**Student:** 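Quick one: this structure, given as structure tokens, is what I'll be asking you about.
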Amino acid sequence: MKTMSNLLEVDAVSKKFGKFIALNNVSITVPKGSIFGLLGPNGAGKTTLIRVINQITMPDQGRVMLDSEPLMQHHIKDIGYLPEERGLYKSMKVGEQALYLAQLKGMQKAEAKRRLKIWFERLEIGDWWNKKIQELSKGMAQKIQFVVTVLHEPKLLIFDEPFSGFDPINASLIKDEILRLRDEGATVIFSTHRMESVEELCDHIALIHKSNKILDGNLIDIKRKYKTNTFEIGIDSINNTNLEKELSNKFQISPADFKTVGNELKINVKLPQNESANDLLSYLTTKGQVSHFVELIPSANDIFIQTVKNN
Ligand code: ADP
Ligand code: MG
């Protein structure tokens with residue numbers, strides 16, 4: 001059996017700023033080759049945790065292990081970090097700036113240039129090489145920063161709110177690049193307070209709320225735990241009003257909302273835990289024509305809102 005090892009382990013990390021506790025005993029484990037979403041409302045502590053992992057902020061307690069070694073100075077070259085505050089030198093040209101930053105990370109100039117050309121073509125910014133940084137919009141500058149973050153092919157990539165400055169087209173482009181980097185062997189951590197990107201990218205998540213981790217794990221496992229055995233149903237019978245009454249006597253029901261072209265009864269049915277979809281479906285087929293039958297799986301957004309509310 002193939003066992004998945006962890007690239008990063010954050011173990012019981014706490015951090016105070018004055019009297020304010022920014023991180024309270026937070027632990028996360030990031031499996032090798034995963035895309036790990038660090039989720040939480042504004043001010044939850046995501047950036048603080050990311051800064052701890054990047055050795056910019058020293059934790060008061062706890063420790064961080066990278067590839068089974070306590071985090072040390074030399075690990076910085078193994079991590080590509082796109083910070084939330086992204087500063088570039090305004091007066092430099094795009095190409096010379098990117099080359100300069102790549103060399104700071106230990107790359108040879110010729111090799112850096114070769115890889116930059118490939119990345120610029122890939123992100124459709126080939127003609128930006130001689131533009132001044134100050135001519136770039138926020139999203140354009142962010143594309144350059146993204147390239148510089150991943151260029152030296154570090155094994156761990158950490159993006160702090162990577163989609164915040166992008167239009168939908170560029171956000172989707174960056175999403176695809178993140179998936180490709182993962183497929184090529186990188187492990188990715190990114191923070192976000194927006195949930196759409198989570199569904200498309202993450203296999204693991206941790207939810208931080210008010211400095212505490214309140215939920216973490218494999219996203220599919222979490223969804224399995226949060227699902228409620230509820231099915232969204234479309235059914236047409238001789239008398240849909242009577243059918244609705246009958247269903248409401250047997251099950252916990254609520255109105256469903258999905259698009260169809262017919263006049264069927266649309267309803268959500270919550271089954272007791274010991275009853276299966278097959279039981280419900282065979283019952284329904286005796287009552288009418290079933291046109292729609294889907295299990296309702298909570299979205300990352302549903303889980304986020306529900307968990308934050310309960311804490
Ligand atoms: P997030 O990234 O989840 O939005 P942050 O980690 O940036 O949250 O911040 C968490 C909390 O810690 C916030 O209330 C913030 O004001 C506070 N904080 C972060 N850095 C500092 C600092 N250097 N000094 C004082 N307070 C800080
Ligand atoms: Mg932040």
Side-chain angles (χ1 to χ4, degrees), residues 8-30 34-64 66 71 76 79-88 138-139 141-146 148-150 154 156-166 170-171 174-175 178 187-202 204-217 219 222 299-311:
L8 183 81
E9 296 183 9
V10 172
D11 187 18
V13 162
S14 294
K15 178 69 191 177
K16 277 188 193 170
F17 295 110
K19 283 194 174 150
F20 178 77
I21 301 171
L23 289 172
N24 183 24
N25 201 27
V26 170
S27 300
I28 60 169
T29 50
V30 180
S34 64
I35 300 184
F36 190 101
L38 209 51
L39 321 180
N42 292 321
K46 303 180 295 296
T47 295
T48 305
L49 181 58
I50 284 173
R51 289 169 65 91
V52 167
I53 296 167
N54 281 290
Q55 305 181 70
I56 295 164
T57 300
M58 285 300 126
D60 300 328
Q61 277 164 46
R63 61 171 192 172
V64 182
L66 186 74
L71 200 62
I76 288 173
I79 304 178
Y81 169 42
L82 178 67
E84 200 173 23
E85 299 300 329
R86 303 165 183 123
L88 291 168
K138 185 175 175 224
Q142 199 170 326
K143 258 175 148 173
I144 307 294
Q145 298 265 18
F146 180 84
V148 169
T149 304
V150 304
L156 179 60
L157 294 169
I158 303 180
F159 306 119
D160 200 351
E161 305 280 355
F163 305 110
S164 64
F166 283 130
N170 278 309
I174 294 297
K175 258 176 221 165
I178 291 176
T187 303
V188 179
I189 300 174
F190 75 96
S191 78
T192 184
H193 58 274
R194 302 210 300 230
M195 292 299 116
E196 316 86 68
S197 49
V198 175
E199 300 282 350
E200 292 164 63
L201 288 177
C202 297
H204 287 72
I205 61 163
L207 180 49
I208 315 272
H209 181 48
K210 294 186 179 162
S211 323
N212 291 278
K213 184 190 73 184
I214 57 175
L215 179 71
D216 71 338
L219 185 56
I222 292 173
S299 66
N301 196 47
D302 297 335
I303 293 169
F304 179 105
I305 290 170
Q306 189 185 333
T307 315
V308 166
K309 259 191 203 150
N310 292 342
N311 275 267

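For ligands, and for the atoms within them, numbers begin at 1 and follow the listed sequence. Owing to the predicted nature of the structure, the values given are computational and were not obtained by experimental measurement.
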**Student:** Starting from atom 9 (O) of ligand 1, which protein heavy atom do you reach first, and at what distance in Å?
**Tutor:**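 Protein heavy atom at minimum distance: Thr48 OG1, 3.8 Å.
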
**Student:** Where is the nearest protein heavy atom to atom 8 (O) of ligand 1: which residue, which atom, and how far?
**Tutor:**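 Closest protein heavy atom to atom 8 (O) of ligand 1: Gly45 N, 3.3 Å.
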
**Student:** Would you say CD of Gln61 has more than 12 non-hydrogen atoms from neighbouring residues, nucleotides or ligands within 6.0 angstrom?
**Tutor:**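 Check fails, neighbour count at 12 or below.
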
**Student:** Would you kindly specify which portion of Asn42 sits under 4.0 Å from ligand 1, judged on non-hydrogen atoms: side chain, backbone, both or neither?
**Tutor:**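 Near ligand 1, Asn42 shows its backbone, while the atoms from C-beta on stay back.
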
**Student:** Does Lys175, at its NZ atom, have more than 12 non-hydrogen atoms belonging to other residues, nucleotides or ligands within less than 6.0 Å?
**Tutor:**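 Enclosed.
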
**Student:** Given Phe159, which of Phe166, Phe146, Phe190 fulfils the ring pair (Phe, Tyr, Trp, His ring centres under 6.0 Å) condition?
**Tutor:**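 With Phe159 as partner, Phe166, Phe146, Phe190 yield a single ring pair (Phe, Tyr, Trp, His ring centres under 6.0 Å), made by Phe146.
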
**Student:** Any atoms of ligand 1 less than 4.0 Å from a non-hydrogen atom of Ala22? List them with their elements.
**Tutor:**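 Answer, ordered by atom number: 12 (O).
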
**Student:** Return the residue, atom name and 0.1 Å-rounded distance of the protein heavy atom closest to atom 4 (O) of ligand 1.
**Tutor:**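 It is Gly43 N, 2.7 Å.
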
**Student:** For atom 19 (C) of ligand 1, which protein heavy atom lies nearest, and how many Å away is it?
**Tutor:**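 Looking only at protein heavy atoms, the one closest to atom 19 (C) of ligand 1 is Phe17 CE1, 3.5 Å.
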
**Student:** Output the distance between atom CG (Leu39) and atom CG (Asp216), rounded to the nearest 0.5 Å.
**Tutor:**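 One gets 10.5 Å once the value is rounded to the nearest 0.5 Å.
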
**Student:** Rounded to the nearest 0.5 Å, what separation is found between the CD1 atom of Ile158 and the CG atom of Leu38?
**Tutor:**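 One finds 9.5 Å between CD1 of Ile158 and CG of Leu38.
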
**Student:** At what distance, to the nearest 0.5 angstrom, does CG of Asp160 lie from CG of Leu82?
**Tutor:**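 Between Asp160 CG and Leu82 CG, I get 8.0 Å after rounding to 0.5 Å.
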
**Student:** Nearest protein heavy atom to atom 25 (C) of ligand 1: under 4.0 Å?
**Tutor:**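 It does: a protein heavy atom is found less than 4.0 Å away from atom 25 (C) of ligand 1.
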
**Student:** Can you pull out the closest protein heavy atom to atom 7 (O) of ligand 1? Residue, atom name and distance to 0.1 Å, please.
**Tutor:**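 For atom 7 (O) of ligand 1, the nearest protein heavy atom is Thr47 CB, 3.5 Å.
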
**Student:** Within less than 2.8 Å of the Mg ion (ligand 2), any N, O or S from Thr47?
**Tutor:**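 Thr47 does place an N, O or S atom closer than 2.8 Å to the Mg ion (ligand 2).
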
**Student:** Working to the nearest 0.5 angstrom, can you tell me the gap between Leu71 CG and Leu66 CG?
**Tutor:**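 So the CG of Leu71 and the CG of Leu66 are separated by 6.0 Å.
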
**Student:** Tell me the protein heavy atom at minimum distance from atom 11 (C) of ligand 1, and give that distance in Å.
**Tutor:**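 Looking at atom 11 (C) of ligand 1, the protein heavy atom closest to it is Phe20 CE2, 3.5 Å.
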
